[in-house]
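Taking it in order: structure first as structure tokens, then the write-up.
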2 protein chains.
Amino acid sequence: MKLTSKGRYAVMALADLARFDNIHPVSLRDISLRQGISLDYLEQIFSKLRKKEIVQSVRGTQGGYVLNKKAKEIKLTNIFDAVDEKVKTVQCKKESKKGCNGKSAKCLTHNLWDELENHINNFFEEKSLDDLVKNNSERRI
Amino acid sequence: MKLTSKGRYAVMALADLARFDNIHPVSLRDISLRQGISLDYLEQIFSKLRKKEIVQSVRGTQGGYVLNKKAKEIKLTNIFDAVDEKVKTVQCKKESKKGCNGKSAKCLTHNLWDELENHINNFFEEKSLDDLVKNNSERRI
DNA sequence: TAGATACTTGACTATTTTAGTCAGGTTTAT
DNA sequence: ATAAACCTGACTAAAATAGTCAAGTATCTA
């Protein structure tokens with residue numbers, strides 16, 4: 001089980017952006033340089049973040065991106081959701097109306113994975129972008 | 001982020017095995033049939049579980065596998081560890097003595113992923129095989 | 001002691017996912 | 001006008017996953 005780069009990058013980029021928010025829009029180019037993430041990849045990611053209304057874009061020279069809500073109101077859940085990073089532990093064939101692995105009932109461990117998903121999602125729902133930025137306020141880059 | 005089948009199968013198979021433990025060895029063939037997991041794949045998985053001394057094998061007719069410890073003492077951590085299912089959230093280049101993404105310092109979100117790893121691992125360390133079986137004692141298959 | 005059952009090991013492979021790249025736009029501040 | 005910056009969709013190399021396949025070895029039971 002691992003977190004994918006897309007999710008990590010999304011959070012990293014937004015944390016970067018949050019530090020400059022309310023001052024001026026932040027260009028992807030700057031985020032790319034500071035965080036070491038490919039510009040093209042960032043554009044893909046921000047396209048999704050914009051569609052989910054987590055950020056707003058400002059076009060033209062001196063443009064960039066701005067948070068669409070207060071950092072405190074943006075939970076990690078929202079970010080992961082936007083970039084299709086999902087916590088997925090069971091793959092039951094839902095179409096077949098059967099349980100796990102094509103068997104008639106839920107597999108022995110079905111409840112376990114449900115619990116695990118909840119456990120992880122709770123973590124993401126508690127953490128906001130604001131928490132991250134505050135945690136790093138002593139650092140510059 | 002998702003849990004891989006290998007880890008899920010390992011836990012499912014061991015939960016199945018735990019129900020019959022102390023009665024007789026359980027053959028992989030039976031587990032395969034009951035849990036709908038390929039026999040060949042199970043063999044790969046159990047080879048790893050045996051090396052980590054989570055199970056013992058009993059050869060010959062009526063042979064199979066037996067737990068090597070009490071179900072209460074087998075934590076999910078041990079199982080995931082045995083089959084190389086790891087919770088991995090950051091990929092910092094450790095060899096380069098640099099921080100994340102080749103930058104000089106830890107990335108903005110580094111601490112976050114550490115916390116997340118701990119959060120997930122705590123879950124796995126608390127749950128034992130015994131918890132699983134008890135949770136399902138009302139069910140037959 | 002024959003033969004079936006069941007474990008054991010290692011190599012191989014198709015599929016899927018990931019982590020991007022690339023090309024060609026459009027918008028807007030200056 | 002033009003450069004900076006956003007925007008979009010198609011494409012792809014590499015890695016991981018989820019197995020399969022083949023060829024054993026050990027041991028119980030009849």
Side-chain angles (χ1 to χ4, degrees), chain A residues 1-13 17 20 24-33 35-52 54-66 68 80 83-91 93 100-102, chain B residues 1-10 12-13 17 20 24-33 35-52 54-66 68 80 83-91 100-102:
Chain A
M1 176 162 52
K2 70 168 196 223
L3 203 63
T4 67
S5 288
K6 191 176 279 182
R8 285 197 301 118
Y9 288 170
V11 176
M12 286 171 67
L17 198 159
F20 295 95
H24 57 75
V26 179
S27 73
L28 293 189
R29 187 164 172 282
D30 285 354
I31 297 179
S32 167
L33 291 174
Q35 305 300 331
I37 305 170
S38 137
L39 178 59
D40 282 319
Y41 205 22
L42 275 178
E43 281 175 349
Q44 271 186 45
I45 292 169
F46 273 76
S47 168
K48 295 186 181 203
L49 293 174
R50 198 179 59 81
K51 277 174 193 153
K52 289 295 174 79
I54 291 172
V55 296
Q56 266 191 336
S57 69
V58 179
R59 306 193 105 184
T61 312
Q62 303 302 319
Y65 284 93
V66 182
N68 201 26
F80 283 127
V83 298
D84 305 314
E85 181 87 293
K86 280 170 199 150
V87 177
K88 226 183 149 187
T89 54
V90 250
Q91 294 131 317
K93 294 173 193 166
C100 312
N101 286 339
Chain B
M1 178 162 52
K2 70 169 195 219
L3 203 63
T4 67
S5 289
K6 191 177 281 183
R8 284 197 302 119
Y9 287 170
M12 285 171 69
L17 198 159
F20 295 95
H24 57 76
V26 180
S27 72
L28 293 189
R29 187 164 172 281
D30 285 354
I31 297 180
S32 167
L33 290 173
Q35 306 299 331
I37 305 169
S38 137
L39 179 58
D40 282 320
Y41 205 20
L42 276 177
E43 283 174 348
Q44 271 185 46
I45 292 169
F46 272 75
S47 169
K48 295 185 180 204
L49 292 174
R50 198 179 60 81
K51 277 175 192 152
K52 289 294 174 79
I54 290 172
V55 295
Q56 267 191 335
S57 69
V58 180
R59 307 194 104 180
T61 313
Q62 304 302 319
Y65 283 93
V66 183
N68 201 26
F80 283 127
V83 298
D84 305 313
E85 182 87 294
K86 281 170 197 148
V87 178
K88 227 184 149 187
T89 54
V90 250
Q91 293 131 318
C100 312
N101 286 339

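Numbered from 1 within each chain, the chains take letters A, B, ... in sequence-line order.
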**Q.** Residue A:L28, side-chain heavy atoms: nucleotide from D:dC6, C:dA19, C:dT9 that is nearest
**A.** D:dC6
Q) Per the atom types in the model, does the base of C:dT8 pair as donor or acceptor with the side chain of B:Q44 at under 3.5 Å? A) no
Q | Exam field: side chain A:S32 to backbone A:I37, donor-acceptor pair closer than 3.5 Å | A | yes
Q.
Side-chain N or O of A:S38 versus OP1/OP2 of C:dT21: is the shortest distance under 4.0 Å?
A. yes
Q.
Distance check needed: D:dT29 P versus B:H24 NE2, whole Å only.
A. 14 Å
Q.
If you define the side chain from C-beta out and look only at heavy atoms, does anything of A:L17 sit under 4.5 Å from A:F46?
A. yes
Q: Ignoring backbone atoms, test whether A:T61 places a side-chain nitrogen or oxygen under 4.0 Å from the OP1 or OP2 oxygen of C:dT28.
A: no
Q.
Expressed as a whole number of angstroms, how long is the span from B:I45:CD1 to C:dA6:P?
A. 19 Å
Q) Can you check whether B:Y9 has a side-chain N or O nearer than 4.0 Å to OP1 or OP2 of D:dG19? A) yes
Q: Check the distance between C:dA19's C1' and A:L39's CG and give it to me in whole angstrom.
A: 15 Å
(Q) Contact between B:S5 and B:R8 at the side-chain level, heavy atoms closer than 4.5 Å - yes or no? (A) yes
Q) Please walk me through it: do A:K51 and A:S47 pass side-chain contact (heavy atoms from CB on, under 4.5 Å)? A) CA-CA 6 Å; A:K51 277 174 193 153; A:S47 168; 3.7 Å; yes
Q.
Quick check on C:dT9: is either OP1 or OP2 less than 4.0 Å from any side-chain nitrogen or oxygen of B:R50?
A. yes
Q.
On DNA chain C, compare the nucleotides closest to B:V26 and A:G60; which residue's is nearer the 5' end?
A. B:V26
Q: Could you tell me the separation between the CE atom of A:M12 and the P atom of C:dA19, rounded to a whole number of Å?
A: 13 Å
Q) Hey, does A:Y65 reach any base, or is it just sugar-phosphate, or nothing, if we go heavy atoms under 4.0 Å? A) sugar-phosphate
Q) Could a donor-acceptor pair under 3.5 angstrom be found where the side chain of A:E43 meets the base of D:dC7? A) yes
Q. Whole Å only: how far is the NZ atom of B:K48 from the C1' atom of D:dT17?
A. 12 Å
**Q.** Residue mapping more 5' on DNA chain D - nearest nucleotide basis, A:D40 or B:D40
**A.** A:D40
Q | Base D:dT27 paired with B:Q62 side chain (donor-acceptor, <3.5 Å) | A | no
Q) Between A:Q35 (CD) and C:dG20 (P), how many Å, whole number? A) 14 Å
(Q) Tell me if a side-chain donor or acceptor on A:S57 pairs with a main-chain N or O of A:Y65 at a distance below 3.5 Å. (A) no
Q) Roughly how far apart are B:T4 OG1 and B:F80 CZ, rounded to 0.5 Å? A) 8.0 Å
Q. Is A:S5 near enough to C:dA19 that one of its side-chain N or O atoms lies under 4.0 angstrom from OP1 or OP2?
A. yes
Q. What is the distance, rounded to the nearest whole Å, between atom CZ of B:R8 and atom P of D:dT17?
A. 13 Å
**Q.** D:dC6 OP1/OP2 closer than 4.0 Å to side-chain N/O of A:S27
**A.** no
Q.
Among C:dT8, C:dG20, C:dT9, which nucleotide has an atom closest to any side-chain atom of B:R59?
A. C:dT8
